[in-house]
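So you know, we letter chains A, B, ... as the sequences are listed, proteins then strands, and number each from 1. These numbers were taken from a predicted model, which means no experiment stands behind them. Side-chain atoms are counted along with the backbone in the values below, which use heavy atoms only and exclude waters and symmetry mates.
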Number of protein chains: 2
Amino acid sequence: MSRTQGEATVDPRVERSRLVIRRAALEELGAVGYGAFTIESVAARAGVAKSTIYRHWPDKVDLIADAFETFHEQMVPDITPLPPRERIELLTRHVAEVFADSTFSICIPALIEGAERDPRLREFHHRYSATRSQSLIDVISEGVAVGDIPGYIDPELGALALLGPIIYRRLMSGRPFEPELTPALVETVLGPPREHPLSEPLLYKRSRSRGLA
Amino acid sequence: MSRTQGEATVDPRVERSRLVIRRAALEELGAVGYGAFTIESVAARAGVAKSTIYRHWPDKVDLIADAFETFHEQMVPDITPLPPRERIELLTRHVAEVFADSTFSICIPALIEGAERDPRLREFHHRYSATRSQSLIDVISEGVAVGDIPGYIDPELGALALLGPIIYRRLMSGRPFEPELTPALVETVLGPPREHPLSEPLLYKRSRSRGLA
DNA sequence: CCAGTATAGTACGGATCCGTATCGTAGCGA
DNA sequence: TCGCTACGATACGGATCCGTACTATACTGG
């Protein structure tokens, strides 16, 4: 019952309710966190009767998971046919912007906390994180294969080194990772761009590879 | 009142109570998170009367902050006179081990959530994070100056690229960053170690520096 | 031994939230 | 226009936790 069934819900009242409730749920999450999250507060924030929420979602976790899923469906990064290095920078910057965007950034701690407490939220959270990092891993691998990126770089660790700072700055320090730092971060991690990628040999020692889900 | 005054508390009963309560508080934090954290549950977990907790700490936040402070005082990494690169690896591995250690790792999400909600916890959290990353930044700077580390690396971003993956893996994926990955991460971020650090010139383009607190 | 004190245990009123039920209203589709 | 249904509002018993107060007990230091 928590998802819109197939095509579209007939009654516009339902659609409207679900919309404002989902929005209010994310706001509430950002305001008070996961543990203090309350159906009654969401109802008040959405200007909706408590019974209306219970009519559409069985419990707190279902509402939160559904709100996040719906929110994420709206933003898929576009795949662009560019050289690996530029795609890496684009992907990294995109994540940085999402994590700096106030409407989503605010409820990240709550999402992490929720993922720690409930298996459903955990599944969702890990799935989206894995998707993000995997695309980055793929591009780095491609860059290494093409010679655009030094061979000593482990694609998985490289992806972590690009995405990690964004999470670190958001959660461990005062201010988020400014998207403008992206080029400098890419250069620090992947080394300066090569002037003529295919004309220079690879002088680096190769690293062993590792497994990751 | 939440800290032991100066030397030592006279009555051993007090010391014993504070010890078990602090320990129970961290356990409870790891178990239920920050928002669902409850004085009564801590009392039950510690095998202590609720009034005993209120006798020593005015409220929930004070207890949590005190528990974290006391816990952190016990573990300060030792400064070792080694070449920069090895010190970097040591520092990184130390953080990785702390974040993989179950007794502390479990309540990291709660600490982050708490830091998001309360200024006192936020101050503590950011202070310790800044301390950790700053020592790493210093060593990287030294390594760059000595020529042990390529000059295109921005020390601050380099530190983020080393610490970020640890946080990322712990909070965004299923399993924590295994400390054994540290050497590979260092190599991916800083490049392969130079055979004869001082005999080779720096061929890299220099990056501009940035500000960080 | 004894006076002082920290403790365990319990009770309390107040507050909040749960999840459900009921009822009257208003918007919906046909 | 007229059923149908989602809605808002309200009430409810039950549960949990707050922060405080009180008592009796057991440990402490002198």
Between the two end axes of the helix from C:dC1-D:dG30 to C:dA30-D:dT1, each built from 5 base pairs, what angle do you get to the nearest 10°?
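If I round to tens, the end axes sit 40° apart.
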Could you check how far [atom1] of [X] sits from [atom2] of [N], rounded to whole Å?
| X | N | atom1 | atom2 | answer |
| --- | --- | --- | --- | --- |
| A:Tyr54 | D:dG8 | OH | P | 15 Å |
| A:Ile21 | D:dA6 | CD1 | P | 13 Å |
| B:Arg55 | D:dC22 | CZ | C1' | 12 Å |
| B:Arg18 | C:dT7 | CZ | C1' | 14 Å |
| A:Glu40 | D:dC12 | CD | P | 15 Å |
| A:Glu15 | D:dC7 | CD | P | 11 Å |
| A:Asp11 | C:dC28 | CG | C1' | 6 Å |
| A:Ile53 | C:dC18 | CD1 | C1' | 13 Å |

For A:Glu116 and B:Ile106: C-alpha separation, side-chain torsions, deciding distance, then whether side-chain contact (heavy atoms from CB on, under 4.5 Å) applies.
CA-CA 9 Å; A:Glu116 202 77 10; B:Ile106 289 179; over 6 Å; no
May I ask you to verify if any side-chain N or O of A:His56 is less than 4.0 angstrom from the OP1 or OP2 atom of D:dA6?
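Checking A:His56 against D:dA6: no side-chain N or O falls below 4.0 Å of OP1 or OP2.
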Which nucleotide in the list D:dA6, C:dA8, C:dC18 gets nearest to the side chain of B:Val48?
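Selected nucleotide (nearest to the side chain): C:dA8.
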Between C:dC28, D:dG8, C:dT7, which one does the side chain of A:Pro12 approach most closely?
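Among the listed nucleotides, the one closest to the side chain of A:Pro12 is C:dC28.
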Tell me whether [X] is salt-bridged to [Y], with the criterion being a basic N under 4.0 Å from an acidic carboxylate O.
| X | Y | answer |
| --- | --- | --- |
| A:Glu40 | A:Arg45 | no |
| A:Glu89 | A:Arg85 | no |
| B:Asp59 | B:Arg120 | yes |
| B:Glu180 | B:Arg93 | no |

Considering heavy-atom distances to DNA chain D, does B:Ile39 or A:Thr52 have its closest nucleotide positioned more toward the 5' end?
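Mapping each residue to its closest nucleotide by heavy atoms, the 5'-most match is A:Thr52.
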Of A:Ala49 and B:Ser51, whose nearest nucleotide on DNA chain D comes first from the 5' end?
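Going by which nucleotide is closer to the 5' end, it is A:Ala49.
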Is there a donor and acceptor pair, one atom on the side chain of B:Lys50 and one on the base of D:dG19, closer than 3.5 Å?
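Checked by distance alone, the answer is yes.
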Would you state whether a donor and an acceptor, one from the side chain of B:Arg13 and one from the base of D:dC27, lie under 3.5 Å apart?
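By the distance-only test, yes, there is a pair.
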Is the A:Phe99-A:Phe177 ring centre distance short of 6.0 angstrom?
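Distance test on ring centres: not under 6.0 Å, no.
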Using ring centroids (six-membered ring only for Trp), state whether B:Phe68 and B:His125 fall under 6.0 Å.
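No, ring centres 6.0 Å or more apart.
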